[in-house]
Amino acid sequence: MPELPEVVYFKKYIDATSLHQQLSDVEIENDTILSGITPAGLQKHLKECQFQSTSTHGKYLFIRTDNGCELMMHFGMTGEPVYYKKPDEKPGYPRVTFHFANGYHLAFNCMRMLGEVGIVESRESFIREKDLGPDAYSEAFDLTTFRELLSDKRGMIKSALMDQSFIAGIGNECSDEILYQAGIHPKTTIAGLSDSNIKLIYEKMQEVIEEKIDSNMEHRKLPDSYILSHREEGSECPKCGGTIEKIKVSGRNGYYCPKCQQN
DNA sequence: AATATTGTTCAGCA
DNA sequence: GTGCTGAACAATAT
């Protein structure tokens, strides 16, 4: 489920488990998720180094090593880091595994191989190359910036929120939740948004991201009024008791409440 | 068997 | 150039 909040969670997970330990080996079980690098190339870059620090931008995670490498990870639809010691704790789809000298392992577990692992020149150049917008949860992304960005954009608000070159980090689920909390119909065009709508969307975006980060990926810890656990056609709206409907926007299936989101 | 799935990228069209 | 749609990628579940 890796959207920005999950990637922030992964960052904390890696920080808590995998920093400042000697890497003894990098095992590549499947190289289709390697991005712009060969298995041998990745192993060479990471030879006998340590993970020093991590950072994120949108849905991307970066791990800085003590020998100056910037390891990039994108989790696709089904990726997650798994830190384990005993062989029976090994996850089902470890496409790349970082073996540590202390006997622990960090696996890049990814059922559908839509994730990416690679070495990048620098965070900044990578973000530029990928043409990513500002991180949705960064200090720099304030209401004024959001307003300015929207003034150059057309189309439907849900599409815009999911557009990584517009804002980085919001995916299908998050955009549904933000618009549900803001009471705004997913197909509302940007031109049709009032100034107070824009402010509301910005505030709900920050709130939803924060709640999702605080929930530590446990759905049950999210507020009862969230649509997330009701994202299914015909399900009951937690706010008005009405019926949740499915809607196709930008090729993705979104869910919304026609009663609560009329704007 | 057909359809769905949290993501990205590309082609084709308006 | 921008925006929308559908397909592709891969593997699984319903």
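Every value quoted in this text rests on a predicted model; they were computed, and no experiment measured them. Labels below follow one simple rule: chain letters A, B, ... track the order of the sequence lines, proteins then strands, and each chain is numbered from 1.
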Just checking A/Lys158: base, sugar-phosphate only, or nothing, at a heavy-atom cut-off of under 4.0 Å?
-> nothing

Between A/Gln43 (side chain) and A/Val26 (backbone), is there a donor-acceptor pair under 3.5 Å?
-> yes

Measure centre to centre between the rings of A/Phe100 and A/His105, then say whether the value is under 6.0 Å.
-> no

Parallel, tilted or perpendicular for A/Phe166 and A/Phe146, by the 30°/60° rule?
-> tilted

Main-chain N/O of A/Ile213 paired to A/Glu6 side chain as donor or acceptor, under 3.5 Å | no

Nearest whole angstrom, please: distance from the P of B/dT8 to the CE of A/Met162.
-> 10 Å

Given the side-chain rings of A/Tyr202 and A/Phe141, with only the six-membered ring counted for Trp, is the space between their centroids under 6.0 Å?
-> yes

Among the nucleotides C/dG3, C/dT5, B/dT9, whichever has the atom closest to the side chain of A/Lys130 is B/dT9

Whole angstrom value for the distance that separates P of B/dT8 from CD1 of A/Ile167 | 13 Å

Looking only at side-chain atoms of A/Ser159, point me to the closest of B/dT9, B/dT6, C/dC4.
-> C/dC4

Can you sort out the partners of A/Tyr226 under ring pair (Phe, Tyr, Trp, His ring centres under 6.0 Å), two or more places apart, ordered by chain and number?
-> none

With the side chain defined as heavy atoms from C-beta on, A/Ser250 is closest, among C/dG3, C/dC4, B/dT8, to C/dC4

Assert: residue with more 5' nearest nucleotide on DNA chain B, out of A/Lys246 and A/Arg252, is A/Lys246

Between B/dT5 atom C1' and A/Leu228 atom CG, what is the distance in whole Å?
-> 14 Å

Identify whether any heavy atom of A/Thr32 sits under 4.0 Å from a base atom; if not, whether one sits that close to sugar-phosphate; answer base, sugar-phosphate or nothing.
-> nothing

Gap in Å between the two P atoms, one belonging to C/dT5 and one to B/dA4, rounded | 15 Å

Considering only C/dG3, B/dT6, C/dC4, which nucleotide approaches the side chain of A/Lys153 most closely?
-> C/dG3

Atom C1', compared across C/dG6 and B/dT3: separation rounded to whole Å | 15 Å

Provide, to the nearest angstrom, the distance between the CG atom belonging to A/Leu114 and the P atom belonging to B/dT6.
-> 13 Å

Taking the six-membered ring for Trp, are A/Tyr83 and A/Tyr104 ring centroids under 6.0 Å apart?
-> yes

Identify whether any heavy atom of A/Tyr9 sits under 4.0 Å from a base atom; if not, whether one sits that close to sugar-phosphate; answer base, sugar-phosphate or nothing.
-> nothing

Take atom CE of A/Met111 and atom P of C/dC9, then tell me their distance rounded to the nearest Å.
-> 17 Å

Assign A/Tyr93 to base, sugar-phosphate, or nothing according to its heavy-atom contacts below 4.0 angstrom with the strands shown.
-> sugar-phosphate

Could you summarise the pairing of DNA chain B as dot-bracket text, marking Watson-Crick and G-U pairs under 3.5 Å with ( ) or [ ] inside the strand and | across strands?
-> .||||.||||||||

Taking the six-membered ring for Trp, is the centroid-to-centroid distance between A/Phe75 and A/Phe10 below 6.0 Å?
-> yes

List, by chain and then residue number, the residues other than A/Ile227 in its hydrophobic cluster (Ile/Leu/Val/Met/Phe/Trp/Tyr, side-chain heavy atoms under 4.5 Å); write none if there are no others.
-> A/Tyr180, A/Ile244, A/Tyr255

Taking NZ from A/Lys248 and C1' from B/dT3, how many angstroms apart are they, rounded to a whole number?
-> 10 Å

Given B/dT8, B/dT5, B/dT6, which nucleotide is nearest the side-chain atoms of A/Asn253?
-> B/dT5

What is the nucleic acid contact for A/Gln164, judged by heavy atoms within less than 4.0 Å: base, sugar-phosphate only, or nothing?
-> sugar-phosphate

What's the closest nucleotide to the A/Arg95 side chain, out of C/dT12, B/dT8, C/dA11?
-> C/dA11

Return the value, rounded to whole Å, for the distance between atom CD1 of A/Ile190 and atom C1' of C/dC4.
-> 13 Å

Give a yes/no answer on whether the side chain of A/Lys59 brings an N or O atom under 4.0 Å of OP1 or OP2 in B/dT6.
-> no

Please report, rounded to the nearest Å, how far the C1' atom of B/dC10 is from the CG atom of A/Asp131.
-> 15 Å

A/Tyr255 side chain, from C-beta outward: closest of B/dT5, C/dT2, C/dC4 = B/dT5

